[in-house]
2 protein chains.
Amino acid sequence: MAVTLRDVARAAGVSPATASRALSAPDLVAPERRELVRRVARELGYRPNRAARELITGRSGHLCLVVPDLENPFFSAVAKAVQARARAAGHAVVVADAEEDPLLEAELVTHLGAQADGVLLCSPRMSPDDLAEVAADDRPLLLVNREAAGLPSVVIDNRDGVRQAVRHLHALGHRRVAYAGGPPGSWSDARRREGLVGDLAAQLPGLDVVDLGAHAPVFAGGVAAADLALAAGATAVLAHNDLMALGLLDRLRTRGVRVPDDVSVVGFDDAPVATLVTPALTTVAAPLARLGRTAVDLLLDPPRTDAPARVALPVELVVRASTAPPAAPAT
Amino acid sequence: MAVTLRDVARAAGVSPATASRALSAPDLVAPERRELVRRVARELGYRPNRAARELITGRSGHLCLVVPDLENPFFSAVAKAVQARARAAGHAVVVADAEEDPLLEAELVTHLGAQADGVLLCSPRMSPDDLAEVAADDRPLLLVNREAAGLPSVVIDNRDGVRQAVRHLHALGHRRVAYAGGPPGSWSDARRREGLVGDLAAQLPGLDVVDLGAHAPVFAGGVAAADLALAAGATAVLAHNDLMALGLLDRLRTRGVRVPDDVSVVGFDDAPVATLVTPALTTVAAPLARLGRTAVDLLLDPPRTDAPARVALPVELVVRASTAPPAAPAT
DNA sequence: CGGCGTGCTGAAATCGCATTCATCGCGGAC
DNA sequence: GTCCGCGATGAATGCGATTTCAGCACGCCG
């Protein structure tokens, strides 16, 4: 069987209590004894039993990460970073795929989260009410890529992202820019739309933003949006995410429209795939790894303020080959 | 605090022993009492403490999945399926990213795997010796996408995959086909190379297979291989995986070579990205989801044979737009 | 010299649950 | 009528660690 703390204690000629202290509260035990115990433990290959420790301390050493779709490059990037940071902090990560289902999402949080030290809830699809419900558990909960009243969160600066993209297009000479939106109800899509209105139009003379409506945030959604963009006479299209931008690229090519010569396309997220296509995608790069790391840090030791922490990470436009001045520049 | 089994027992007016049995060994307790306990448990929102249960049963309800890179679409697809199947079987999944590092891989297996009910080791980078070492733990271990002596495994039929691809190219009229290999030491790459030699050449008259050597299994590796393929005068290139195929596509386009008109390209894996590019990639589709599901099933209840189980899953060529007859057909 | 704080140590309790063992009541067999 | 067996139940034990609590020796102060 596995070697237990009692074995170590016996081999070292001390009581289990002392052995325990030597390993997890070193300054409570006399130096030479402490070193003896540690050496014996190492030699015996002692490995503390997580379950036993959890039972008494109440901490499992597990974090729970819930994402809508593990296969989506956005979430796998976040998951990778979360996993790495958690490991550095001595935590394992239990990851759960909610399959884009709000109900399953809620169940996963309550079931899996119940016996974890904290829950990272990524882009939750569930309603604010359900969110409040699952957050009622005493387990620490942190929202990633979404904000909600009373809950700590880490997001990216969506508004600034679209602004950077639109400024870039305007600077290139585009005057009629289309936005291919994400799914209805998406929190991040709502934020991005906010960036399109307001003072932006005032700052950019002659700019005309046309809304292409809501689409599934996948390749097919981009395909559908492409036709709308052409019909609207836009010379540039900003997509809700990179997958949609890829769909735009594909459909435009099929219809004989050259990118970027005839129409410019901008994505969002800077998923790895953005560099794998031709033309390489100009896109708003979200700091996905940093998002994951920050989330873990914030969950593991939250700031000691009374209001829940809200962090927004900066984004940065990455200009590649899918944007260029329009064929017939305005002015 | 959380509601414990004692609370349920007290509320139901029975002993903790009976309460325990009513929930986890229902036929040992009288029907009306059993239903009473279960109802009370439900009303109180009782949720068994995993740590306490693990401490006594030795089973944690956790599976451990170790992959080289979570961001690689191959592994995120497997991870998604593993997670889904494990949940259906009442298990949570602890996922660990080994960052392509054999040492870290070994450490993760021993550390994380020690307190899991089993370990799924995906495409392990570590040496056969280290593999045997970590497998020496009594925890069930199952290899995914690699075989090793004495260990159970689930793989895809790599040899048949390249054979299907080559037959396809030969049928189109290609006679000079290049193989852009994966990293040296890759188990799956070795299997794929096996498919290229042997009786295949005998069956396909006039076929000439040229080996482009080893490459990093990423976009850049494909770029490098593209120039080699052109220099070798191949009219078709089979890539070790889809990422490399995308690199080939990109480089060929850059050099003014049209795909599939001038050169055909075939990928491997059928990663989601294969359909997102232009031309859509002809590729050998590996049943990634099935791979993950089978792995979980085999780990959770292994066949009662003495030899460790070895399963090979069939693959299927998916013909898309990146392959066509060569410009100047042989014969 | 007595008393008290201090620094270490060990015995024992505890966490929540599963499980063994003993008990009890009851019906059927002899 | 007695005894055996069986089904149902509760008391008690233990899983492996942490953590109180008490005890012990020692040194210092009064």
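Quantities reported herein were computed from a predicted structural model and do not represent experimental measurements. Reminder, nothing fancy here: chain letters follow the sequence lines and each chain counts from 1. No hydrogens, no waters, no symmetry mates; every other heavy atom, side chains included, goes into these values.
- Arg33(A) has no side-chain polar atom (N or O) that falls below the 4.0 Å cut-off from OP1 or OP2 of dC8(C).
- Leu28(A) places its CG atom 11 Å from the P atom of dG7(C), with the value rounded to the nearest Å.
- Between the side chain of Arg139(B) and the backbone N or O of Ala116(B) there is at least one donor-acceptor pair closer than 3.5 Å.
- Atom pair Glu54(B):CD and dC15(C):C1' shows a separation of 14 Å (rounding to whole Å applied).
- With hydrogens and angles ignored, the 3.5 Å screen pairs a side-chain donor or acceptor of Gln115(A) with a backbone N or O of Pro48(B).
- A side chain to side chain donor-acceptor pair (under 3.5 Å) with Ser123(A) holds for exactly one of Asp69(A), Asn145(A), Asn72(A); it is Asn145(A).
- Between the side chains of Asn158(A) and Ser188(A), no donor-acceptor pair of N or O atoms lies under 3.5 Å.
- The residues Glu54(B) and Arg59(B) are annotated as not salt-bridged, no charged nitrogen and carboxylate oxygen being separated by less than 4.0 angstrom.
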In the 5'-to-3' direction, what one-character label does each nucleotide of nucleotides 15-28 of chain D receive under the scheme B = base within less than 4.0 Å of a protein heavy atom, S = sugar-phosphate only, - = no such atom? BBBBBB--------

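- For Glu32(B) and dG7(D), the CD to P distance is 16 Å, given to the nearest whole Å.
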Evaluate the criterion side chain to side chain contact (heavy atoms under 4.5 Å, CB included) for residue pair Val93(A) and Val82(A); output intermediate values, then yes/no. CA-CA 8 Å; Val93(A) 176; Val82(A) 163; 4.2 Å; yes

